[in-house]
Amino acid sequence: MTSSLVGRTLGTYQITDLLGQGGMATVYKGYRADIDRYVAIKVLPPHPGLDQGFIERFKLEARTIARLQHPHILPLYDYGVEDGILYLVMAYIEGGSLGGRIKRGRMDPLMIGETLRQVASALDYAHRQGVIHRDIKPDNILLDKEGFALLADFGIVKLAEDVSNRLTVTGGMVGTPAYMAPEQGSGAPITPSADLYSLGVVVYEMLTGRQPYSADTPMQVVIKHMTEPVPSLRTLDPGFSPDLDGVMQRALSKNPEVRYPTATAFAEDFNRAIQGRDVAVAPTAAASFSLSTLPLTIPTQPVATQPTNPLQPTVILQQGTNPLLLLGGFAIIAVLLVVVVLLVTRPESHEQDAPPTATQSIAPTSPPTQAATAATALPSFGRVSFSTTGSVGDTLTLQVENLRPPQPGDVYIAWLKNTESGDALKIGELTLDALGSGVLPPFVDPEGHVLPALYNAVTITSQKAGGLTAVGNPLYRASVPPQVSKMLANFYVSDPNGIAVSALSGSSYNAPVGQSGATSSLIDSLLAEAKRAAEHIDLAQHAQSIGGMHVHNEHSVNILMGTLNDYNADGRSENPGYQKGAAPYLTAMRDYLTQIATAPGSDAALQSSIEWVRVCVDNSQERVDQIIGLEQVMLAATDLTAITQQATDATLLAGALLKGVDANGNGQVEPFEEECGLEQIRDFALLMSGMRVLEVPK
């Protein structure tokens, strides 16, 4: 846009902020007052001569996008045309994008596997509806506050192509060069396989922290995608397994026929490879592939809507008359084409795209193992997650997709269940669309219980509406090991070694106050000790005498360690905390995490969530150790002025211990090294209760 729309109204939406501007759309933050909703509004760039026919095509494309209802697709709320402005209204997500996460460095493979699984299910769903995205890239994969992925910007590239085709003689190529499939760059017809290639580039970047190809101009990047072999993961890091390298080589094959048939098949092989299991989905045999079989078109007059940056969406327009021809351009193009042909036809390039040989196969030559076969037979049909409305963990959200219709005359009913005690609780009846997808209205426990501390499974039965007990065997099920519920009960409700509720005031969680001798939760107890220690660390910093400072140094160390030692040699061993200790509680947390990570039924998704909490526990333990070291230095000091810096550092560390630190400056405290602290343990531990919905074998 040549001028900002901030301050004006589009339809029923007040434009409040400019969020970003790219080659194919400008993104604004908007607000709809009558329903108190913030939205993201994508405005297409204005062009002269857009007649009613194009506007109708825009509306048709928008309606197509709006029909894409999937838990991992960013929903389109509205669209419109006003004063020649074409706009799409989408959900506003505050969590940021995958692009922002990648900028912080390589990602954990287990986290990549979970993100890939979510995006793959969304992409396959769209492909089944006949919709191709055409611009899969990290910035188009949004992450909500719980870390779930949402694929955004369906239809934006198609609309941009329609604009460019109307304004040029031969049309244009629209997309982001760094993620563009070879056939997309060559001008060949686009199929769903192009989206799978782009998704492969995104995964490659998550694994390595870099894209497979780089060059000085976007067109050079496009040509590399068309001609150069994919850099092996193992040349970048020998720690990557041959199986994982093989999976990525297949996903990024120049030949669409050699790539995975679906995004889900790619995700399944990827997760098997990172878990050290046999790769079960073997590439199908395909005819030899050469770019000479494609309608190769070298754009003769690149015109980008943004500076030449391979990360930005680029519109490369192909004019009917090429000024380069008048300047001897024939020779330049001929040389370029010769280079392309030589690169494509050299032996190593053919080896790259041929089905793997026996020595380089990414799949076992023997039949898939029983475990691999079982994994293939159990795709995900949705997700269960827990969040906080009135008290921690009191809210359940269930999203499902691709469920088969219930029995005639029946409805689907969802139940919470404890698989050890058999306790069950009805949470609602599911309403599905024609494609078997639906979202259960959030279930909020009226008594404010920590639901995942009481139940470790959700079952879905087909039975008559209004039933108060489950009838028949469940058709779908989601669960985590029962050890997860037991651990969350210790974390959030009551821990055997927690501080007595009678001694702990101000607990905001679910401690059983009415029970005689009740103990508080692990996280409440830990926070209580850390806050007491922080108070005495601050008192030490502001002490007026060396003796007064030493009193509080002793208090701080004893509170953190749960000890009664006479550190200042005054003949008294004092601990004004609860005499349990922050450090022992952190050790207990680490032990709990190890137990559930190794429990039967613990899968990669659960272990990934455990890792987020473990990082926060380790950060907190490191800060406790650093504080104790500083306090001991101060205990040995004889001059207040000599340890001013140590006192200041201890105070800062105490704050970081409680609240974490935004080390990368993105406005969030995240589950990364040097960032999260004790309060984030409280938040992220709830994510360990997330479950995948699976079909129950008949």
Side-chain angles (χ1 to χ4, degrees), residues 16-30 38-43 65 68 70-77 88-109 111-123 126 133-157 160 175-180 195 198-211 263 267 306 309-314 385 608 612 662-672 675 684 687:
T16 60
D17 292 292
L18 174 65
L19 298 178
Q21 191 167 8
M24 292 181 287
T26 301
V27 187
Y28 294 95
K29 184 178 180 180
Y38 283 99
V39 296
I41 302 177
K42 294 184 182 293
V43 178
I65 302 168
L68 296 177
H70 186 277
H72 295 294
I73 292 178
L74 185 72
L76 176 66
Y77 292 146
L88 303 168
V89 181
M90 301 181 176
Y92 175 66
I93 305 298
E94 296 182 294
S97 72
L98 182 61
R101 172 61 188 88
I102 290 175
K103 288 177 182 178
R104 297 194 292 272
R106 293 167 56 172
M107 295 174 58
D108 177 76
M111 187 180 296
I112 297 172
E114 179 62 17
T115 301
L116 173 58
R117 184 193 64 77
Q118 296 173 15
V119 175
S121 69
L123 202 53
H133 191 288
R134 300 167 182 256
D135 194 26
I136 301 293
K137 59 183 179 181
D139 286 344
N140 283 341
I141 299 173
L142 306 182
L143 303 174
D144 67 14
K145 289 184 176 180
E146 293 188 352
F148 299 132
L150 292 164
L151 189 53
D153 278 5
F154 276 97
I156 296 295
V157 168
T176 305
Y179 304 92
M180 197 176 285
D195 281 348
S198 300
L199 182 60
V201 178
V202 173
V203 173
Y204 188 100
E205 189 174 6
M206 286 193 283
L207 284 167
T208 66
R210 51 168 284 183
Q211 297 154 358
Q306 293 292 316
N309 178 355
L311 298 179
Q312 289 290 338
T314 301
S385 60
S608 178
W612 297 339
D662 179 17
N664 57 20
N666 69 345
Q668 303 176 64
V669 179
E670 297 157 306
F672 308 137
E675 288 218 4
F684 290 118
L687 298 181

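- Side chain of S198 to backbone of D135: no donor-acceptor contact under 3.5 angstrom is found.
- Under the 30°/60° scheme for interplanar angles, the aromatic rings of H72 and F148 are found to stand perpendicular.
- Among R134, H133, K42, the single residue meeting the side-chain hydrogen bond (donor to acceptor under 3.5 Å, both in side chains) criterion with D153 is K42.
- In this structure, T208 contributes its side chain and R210 its backbone to a donor-acceptor pair below 3.5 Å.
- D144 places no side-chain N or O within donor-acceptor distance of the main-chain N or O of A149, the cut-off being under 3.5 Å.
- Checked by atom type and distance alone, the side chain of S97 pairs as donor or acceptor with a backbone atom of G100 at under 3.5 Å.
- Using a 4.5 Å heavy-atom cutoff, the side chains of L687 and F684 are in contact.
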Run the side chain to side chain contact (heavy atoms under 4.5 Å, CB included) check on L18 and T26 step by step: do they pass? CA-CA 8 Å; L18 174 65; T26 301; 3.5 Å; yes
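- Listed by first and then second residue, the salt bridge (charged side-chain N to carboxylate O under 4.0 Å, His left out) pairs that reach into residues 92-106 are E94-K145, R104-E670, R106-D237, sequence neighbours excluded.
- Residues L123 and L199 are in side-chain contact: their nearest non-hydrogen atoms beyond the backbone lie under 4.5 Å apart.
- Nearest heavy atoms, L142 versus L74: CD1-CD2, 3.9 Å.
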Using the rule given for side-chain hydrogen bond (donor to acceptor under 3.5 Å, both in side chains), can you reason through T16 versus K29, listing the C-alpha separation, both sets of side-chain angles and the distance that settles it, and then say yes or no? CA-CA 6 Å; T16 60; K29 184 178 180 180; 5.6 Å; no
